[in-house]
Amino acid sequence: MKYETVIGLEVHLHLATDSKAFCGCSTEFGQRPNSQSCPVCMGLPGSLPVLNEKAFQYAIKAALALNCKIQDLVKFDRKNYYYPDLPKNFQISQYDMPLSYDGFLEVASKERRKKIRIRRVHMEEDAGKLVHPEKGFNSLVDYNRSGIPLLEIVTEPDLSSPQEAYDYLTALKAILKYLKVSDCDMEKGSLRCDANISVREEGSSKLGAKVELKNMNSFKGVRDALDYEIDRQINFLEEGGKITQETRLWDAENGVTISMRYKEESEDYRYFPEPDLVPFIPDKKLIDGINEGMPELPQARLNRFLKEYGLSEYDASHLTSEAQTADYFEECVKFYPNPKAISNWITGDIASHLNLKNLTIRELGVSPEKIASLLKMIDDGAINGKIAKEVLEEMIVTGISPQEIVKLKGLTQISDVLELERIIEEVLKKNAKSVEDYIGGKKNAFMHLVGQVMRQTKGKASPAVVNEILKKRLKDRSS
Ligand code: ADP
Ligand code: MG
Ligand code: ZN
């Protein structure tokens, strides 16, 4: 029997507000445990929540960017459950009237574009964090995270492979980062993803029972967990098993999923309207304002880069994957209007430095203006491309301008023809065998000779001039 995969994703996102969703406590990450909590976020009797306006605006912004309709009435509900990290015994969430619904996100996966429907985007609050020290028998609780505003983004079961899920998450993160509504940092827990997956007979219109996967801490982890789970479910079915709805945890170390609990139904949460937050009609002017202030989103920017700068799809998508990189690129182009050359440097040398040092392009500390003057120096013949790479490295380490580095290190290109002729003459004398080979028809020998000249000049020779003189000299010798 042939099977097909059905996947739906639930993403939880910390909204990047300075204060919590319903109180004034700070949301700053990594502070002393319980230094950022108050009666409201700890649910002490008599405390009352007040909605954070900024969080609401961020939520609307994300919902609009995901093409969602905004609910006419904003209403919050209590989701009731008991857990030590939840002192109120309920979470403020949204149940039957999510903030927004019926959106979509277009995902480019394997050369084709696919619309993934977004079922709902709603607001809720995070719970605290349990800490289990390695030594001792006690567990500790930190309420700094309680009440941090969350956005939950739920897709329809429209994804049909682990790779597609990965691509959806990548596209979603790009949009959210462009909007600056979240830092989307999975390591800090500001983006978390639960993946729902089922398999069914190919072509069947009925959904199989789904398994919810939790505990993945990277997009790659999500993809790996889904890959594993597909095999597990198919093998289980082939052996005559029947899949029941359950929640499983991804164990990244061993590369397996482990059953955690048979899933509760939403009835179990006894949702009811939050009586302490009055439902309200969102201000139309506010929504229009957010819509008008919407930045150019990654997909639109990519299309513009293709058209306006004539870049390849690969380069344009690399440059637009983060707003910061795209901004940097466009600033460079202002100073040095050769988009292709700049793109090559950003996607090539600069990208490798960033990877190596694990930095963002701004953190590299080299201004677009300095990149532009580096490239101008190549055009002016002051340095060649190979030396420019060295200069870039030096710019990153020292922060000084390319002109100064070239002066200080004596890297100016030798394009003095007389001096190059002298050096080339020497090289030809020392490499009589290569000269013979070249004249005898071995064209590779030419590259060897160029290499020798470059070595003699410590890479500072102008390749164009060297090529020209060498060709002329070799021609003289063969005739
Ligand atoms: P629950 O009520 O258990 O949270 P939902 O119907 O709200 O379930 O769906 C939660 C997520 O699971 C959604 O992203 C949805 O697309 C996905 N989903 C629902 N049914 C299936 C299924 N049979 N296979 C894969 N994903 C599914
Ligand atoms: Mg759900
Ligand atoms: Zn608080």
Side-chain angles (χ1 to χ4, degrees), residues 3-12 17-28 31 34-44 46-52 55 66 79 81 86-88 92-96 98 101-105 116-122 124-128 142-149 152-162 164-165 168-169 172 192-201 204-214 222 225-226 229-230 233 237 243-248 260-269 271:
Y3 294 92
E4 63 186 22
T5 305
V6 176
I7 298 167
L9 298 180
E10 291 168 276
V11 166
H12 285 92
T17 53
D18 294 333
S19 58
K20 293 187 180 178
F22 304 108
C23 63
C25 289
S26 166
T27 56
E28 202 176 321
Q31 297 305 103
N34 297 309
S35 63
Q36 296 169 169
S37 57
C38 75
V40 175
C41 53
M42 291 197 299
L44 300 189
S47 63
L48 289 171
V50 177
L51 177 61
N52 180 335
L66 295 171
K79 178 178 181 180
Y81 66 99
L86 191 77
K88 296 197 286 198
I92 301 180
S93 181
Q94 296 188 296
Y95 182 48
D96 53 340
Y101 55 96
D102 279 357
F104 65 88
L105 172 59
I116 306 302
R117 288 171 301 158
I118 309 271
R119 180 183 293 176
R120 57 190 283 155
V121 176
H122 75 249
E124 55 186 37
E125 58 176 336
D126 208 351
D142 176 6
Y143 292 127
N144 285 357
R145 205 177 67 181
S146 316
I148 289 189
E152 181 170 338
I153 302 168
V154 184
T155 73
E156 293 292 342
D158 284 353
L159 297 151
S160 37
S161 71
E164 218 166 78
Y168 163 84
L169 290 169
L172 180 67
R192 308 194 282 269
C193 174
D194 301 337
N196 300 273
I197 174 160
S198 61
V199 296
R200 64 181 173 194
E201 203 179 316
S204 157
S205 59
K206 221 176 112 228
L207 287 174
K210 75 177 155 80
V211 167
E212 183 174 1
L213 302 178
K214 284 185 181 290
V222 173
L226 287 168
E229 188 59 21
I230 292 171
Q233 290 188 13
L237 289 174
I243 309 270
T244 24
Q245 181 166 319
E246 63 172 329
T247 301
R248 297 177 73 89
M260 180 168 97
R261 59 166 183 249
Y262 285 91
K263 198 177 151 85
E264 66 287 348
E265 299 292 333
S266 74
E267 293 83 56
D268 298 335
Y269 289 116
Y271 280 96

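For the single chain, residues carry numbers from 1 onward in sequence order. All ligand and atom numbering here is 1-based and tracks the order in the structure. Computed from a predicted structure; not experimentally measured.
Atoms OH and CG, from Tyr143 and Asn34 in turn, are 7.5 Å apart once rounded to the nearest 0.5 Å.
Geometry note: the Zn ion (ligand 3) is the vertex, Cys38 SG and Cys25 SG are the arms, and the angle is 100° (rounded to 10 degrees). When SG of Cys23 and SG of Cys41 are joined through the Zn ion (ligand 3), the resulting angle is 110° to the nearest 10°.
Ion pairing between a basic and an acidic side chain is recognised when a charged N comes within 4.0 Å of a carboxylate O; Glu152 and Arg119 show no such pairing. Using a cutoff of 4.0 Å between basic side-chain nitrogens and carboxylate oxygens, Arg192 and Asp126 are scored as salt-bridged. Taking 4.0 Å as the cut-off between side-chain N and carboxylate O, Lys210 and Glu212 do not count as a salt-bridged pair. Salt-bridge check for Arg200 with Glu4: passed, with a basic side-chain N closer than 4.0 Å to an acidic carboxylate O.
Heavy-atom contacts of Glu156 reach the following atoms of ligand 1: 16 (O) (cutoff under 4.0 Å). Close contacts between ligand 1 and Val6 involve ligand atoms 24 (N), 25 (C) [criterion: under 4.0 Å to a heavy atom]. Shown in contact with Pro157 at under 4.0 Å from a heavy atom are these atoms of ligand 1, numbered in order with element: 16 (O), 26 (N), 27 (C).
Residue nearest to atom 26 (N) of ligand 1, selected from Thr247, Leu207, Val154, Asn196: Asn196 (by heavy-atom distance). Proximity annotation for atom 8 (O) of ligand 1: of Gln245, Arg200, Lys210, Lys210 comes nearest, heavy atoms only. Among Val211, Asp158, Thr155, the residue whose heavy atom lies nearest to atom 13 (C) of ligand 1 is Thr155.
Judged by the shortest distance from any of its heavy atoms, Arg119 lies inside the 4.0 Å radius around the atoms of ligand 1.
The aromatic rings of Tyr95 and Tyr271 lie parallel to each other, with less than 30° between the two planes, well short of the 60° mark.
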Stepwise side chain to side chain contact (heavy atoms under 4.5 Å, CB included) test for Val199 and Leu237 = CA-CA 9 Å; Val199 296; Leu237 289 174; 3.6 Å; yes
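Among the atoms of Gly208, some N or O lies under 3.5 angstrom from an N or O of ligand 1.
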